[in-house]
Amino acid sequence: KGSNKEVPKNNMIGLCSDHGSNMISSKGSNVIDPKGKGIGNRFKKNFDHLLVIHDFAHALNLVIQETISSFPAEIVSIVSDICSHFSRASQERAKFARFQTKKTDKPAPQPAKPALQVIKYVVTRWSSFKESLDRILELENPLREYFKKHGSSRQKTFLEEENVIYLKLLSYIIGKLNFYVKFFQQENLSNYDVLKTLKEAVTLIGEFVIQIPEHIEQDLSQKGQEEKFNYICKIEFKEKSKYAPLLRSQEKFCEKLLEEFPSLKKKFQTMEKDFVIKLLETSQKAIVSCLQEMQEWLPIQDHTLFDTE
């Protein structure tokens, strides 16, 4: 009933959806697509005051996928290969369970906890990669022993020390983003909380690799945080010539990394210099890729949106 009635313009405020081409034809922006695709685009033509945005949780999930793909393929494939190995055969899961049981002659004071299993990686399910990766890291030692006895020559290398360091860094980076995916999935968020958290997400990732001017870096006030967000947002991350001069030096980036992973300091002292340099370059590249995608998918430069704050 009433489907033929005209929609009052004053009742139209905004449209938020995933990036389905039938909904939003541009990447979450308020720019009208000249080709006229998408409901958002058509509404925007008729109601020029309409706010059209990409769902933040969905957009950040796409950012995570791109960030993962920026890591070396041989590192990322370790996760999918381990998950695939155990998802296909119950016999292998049973074998692996025995590697989690400590052999002892003493009677157990209480019933043993059920053995943990590798969490299946489902490409289409949000946060699945992070959950699978973290479980693999949790089971690092028994998995290493299992593959040492039952694995192929390639599987025996999965959890070598250098690979584990890469996996832990990958978990850390996507973990930061995953926190915000879960935040934006909540219901009844106020507009203030949404915009404040969006700025926080961009600033947190940006200051990891960008050398913020000292006078902004040291200002911990709300105004200082706002200046930091604006400074990062103005950088064109799609143009290497624009962002490269603003990156932290490798030495400064390493210091920032070791603040988050103090346990790496001793490892870096014993590892080959070439590996450490490659690790730093990979990590920095992944975070820059993350910023590129955030700038592409999130409306962080949409003045109309932030004017509503």
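Just so you know, these numbers come straight off a predicted model, no measurement behind them.
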| task | Measure the shortest side-chain to side-chain distance between Ile165 and Lys267 over non-hydrogen atoms and say whether it is less than 4.5 angstrom. | result | yes
| Phe184 and Phe179: ring pair (Phe, Tyr, Trp, His ring centres under 6.0 Å), yes or no, with the steps? | CA-CA 9 Å; Phe184 287 119; Phe179 169 82; 9.4 Å; no
| query | How many angstroms lie between CD in Gln295 and CD1 in Ile232, if you round to the nearest 0.5 Å? | reply | 10.5 Å
| said: Evaluate Glu281 against Lys278 for salt bridge (Lys or Arg N to Asp or Glu O under 4.0 Å), listing each step before the verdict. | reply: CA-CA 5 Å; Glu281 289 175 347; Lys278 186 179 178 182; over 6 Å; no
| request: Calculate, to the nearest 0.5 Å, the distance between atoms CZ and CG belonging to Phe229 and Leu204 respectively. | output: 13.0 Å
| query | Do side-chain atoms of Gln155 reach the backbone of Ser152 as a donor and acceptor pair under 3.5 angstrom? | reply | yes
| said: Using 0.5 Å steps for rounding, measure from the CG atom of Leu189 to the CD atom of Glu187. | reply: 9.0 Å
| said: Quick one, Glu226 with Lys199, criterion salt bridge (Lys or Arg N to Asp or Glu O under 4.0 Å). Give me CA distance, side-chain angles, the key distance, then yes/no. | reply: CA-CA 8 Å; Glu226 192 74 24; Lys199 290 179 179 180; 2.8 Å; yes
| request: Using a strict cut-off of less than 4.0 Å between a Lys/Arg side-chain nitrogen and an Asp/Glu carboxylate oxygen, indicate whether Arg144 and Glu160 qualify as a salt bridge. | output: no
| query | Would you say the side-chain atoms of Thr197 pair up with the backbone N or O of Val194, donor to acceptor, closer than 3.5 Å? | reply | no
| Should Asp81 and Arg154 count as side-chain neighbours, where that means a heavy-atom distance under 4.5 Å? | yes
| field | Polar side chain donor-acceptor pair, Glu214 to Gln218, under 3.5 angstrom | value | yes
| message | As a quick check of understanding, evaluate side-chain contact (heavy atoms from CB on, under 4.5 Å) for Gln225 and Asp219, giving each step before the final call. | response | CA-CA 7 Å; Gln225 295 304 303; Asp219 188 349; over 6 Å; no
| Trp297 CH2 to Gln292 CD distance, which is reported to the nearest 0.5 Å | 14.0 Å
| Is the charged tip of Lys156 near the ring of Phe147: under 6.0 Å from the six-membered ring centre and within 45° of its axis? | no
| message | Ring centres under 6.0 Å, that's the criterion: do Tyr121 and Phe86 meet it? | response | no
| message | ring pair (Phe, Tyr, Trp, His ring centres under 6.0 Å), that's the test. Do His85 and Phe158 meet it? Break it down for me. | response | CA-CA 12 Å; His85 175 80; Phe158 279 168; 8.6 Å; no
| Atom NZ of Lys182: over 12 foreign heavy atoms under 6.0 Å | no
| said: Assess the residue pair Glu145 and Phe96 against the criterion (side-chain contact (heavy atoms from CB on, under 4.5 Å)); give the C-alpha distance rounded to whole Å, side-chain angles, the decisive distance to 0.1 Å, and a yes or no. | reply: CA-CA 9 Å; Glu145 291 302 312; Phe96 175 58; over 6 Å; no
| said: For a 4.5 angstrom cut-off between non-hydrogen side-chain atoms, does Leu143 reach Phe99? | reply: no
| request: Determine, stepwise, if the pair Tyr180 / Ile205 fulfils side-chain contact (heavy atoms from CB on, under 4.5 Å). | output: CA-CA 12 Å; Tyr180 293 106; Ile205 301 299; over 6 Å; no
| request: Would you check if Ile64 and Phe129 make a side-chain contact, meaning some heavy-atom pair closer than 4.5 Å? | output: no
| query | Where the side chain of Glu236 meets the backbone of Lys242, is there a donor-acceptor pair that is under 3.5 Å apart? | reply | no
| message | Within the 4.5 Å heavy-atom criterion, are Ile119 and Cys83 side-chain neighbours or not? | response | no
| task | Could you check if a side-chain atom of Lys238 sits within less than 4.5 angstrom of a side-chain atom of Tyr243, using non-hydrogen atoms only? | result | no
| Contact summary for Ala57 and Val181, nearest pair of heavy atoms | CB-O, 3.7 Å
| said: For Lys120 and Ser132: C-alpha separation, side-chain torsions, deciding distance, then whether side-chain contact (heavy atoms from CB on, under 4.5 Å) applies. | reply: CA-CA 6 Å; Lys120 185 178 180 180; Ser132 299; 5.9 Å; no
| said: Quick one: does any side-chain atom of Ser84 pair with a main-chain N or O of Ser80 as donor and acceptor, under 3.5 Å? | reply: no
| task | Quick one: closest heavy-atom pair of Ser283 and Leu169, and the distance? | result | OG-CD1, 3.4 Å
| task | Look at the side-chain heavy atoms of Ile, Leu, Val, Met, Phe, Trp and Tyr, link any pair under 4.5 Å apart, and say whether Ile210 and Leu220 land in one connected group. | result | no
| field | Spatial distance of atom CD1 (Ile277) from atom OG1 (Thr282) [nearest 0.5 Å] | value | 11.5 Å
| query | When rounded to the nearest 0.5 angstrom, what distance separates CG in Leu167 from CG in Leu159? | reply | 7.0 Å
| said: Contact between Leu177 and Cys290 at the side-chain level, heavy atoms closer than 4.5 Å - yes or no? | reply: yes
| Side-chain heavy atoms of Leu279 within contact of Glu162, under 4.5 Å | no
Tabulate below the donor-acceptor pairs under 3.5 Å that side-chain atoms of residues 244-265 make, not counting sequence neighbours, or state none.
| residue | atom | partner | partner atom | Å |
| --- | --- | --- | --- | --- |
| Arg248 | NE | Glu207 | O | 3.2 |
| Arg248 | NE | Phe208 | O | 3.3 |
| Arg248 | NH2 | Glu207 | O | 2.9 |
| Ser249 | OG | Lys252 | N | 3.1 |
| Glu260 | OE1 | Tyr172 | OH | 3.2 |

| Side chains of Ser171 and Lys130: do they bring a donor and an acceptor to under 3.5 Å? | yes
| Any donor-acceptor pair under 3.5 Å linking the side chain of Arg93 with the backbone of Gln117? | no
| request: Give a yes or no answer on whether the side chain of Gln100 reaches the backbone of Ala97 with a donor-acceptor pair at less than 3.5 Å. | output: no
| said: Could you walk me through whether Ser190 and Asp193 satisfy the side-chain hydrogen bond (donor to acceptor under 3.5 Å, both in side chains) test, starting with their C-alpha distance in whole Å, then the side-chain angles of each, then the deciding distance to 0.1 Å, before giving a yes or no? | reply: CA-CA 5 Å; Ser190 70; Asp193 285 337; 3.2 Å; yes
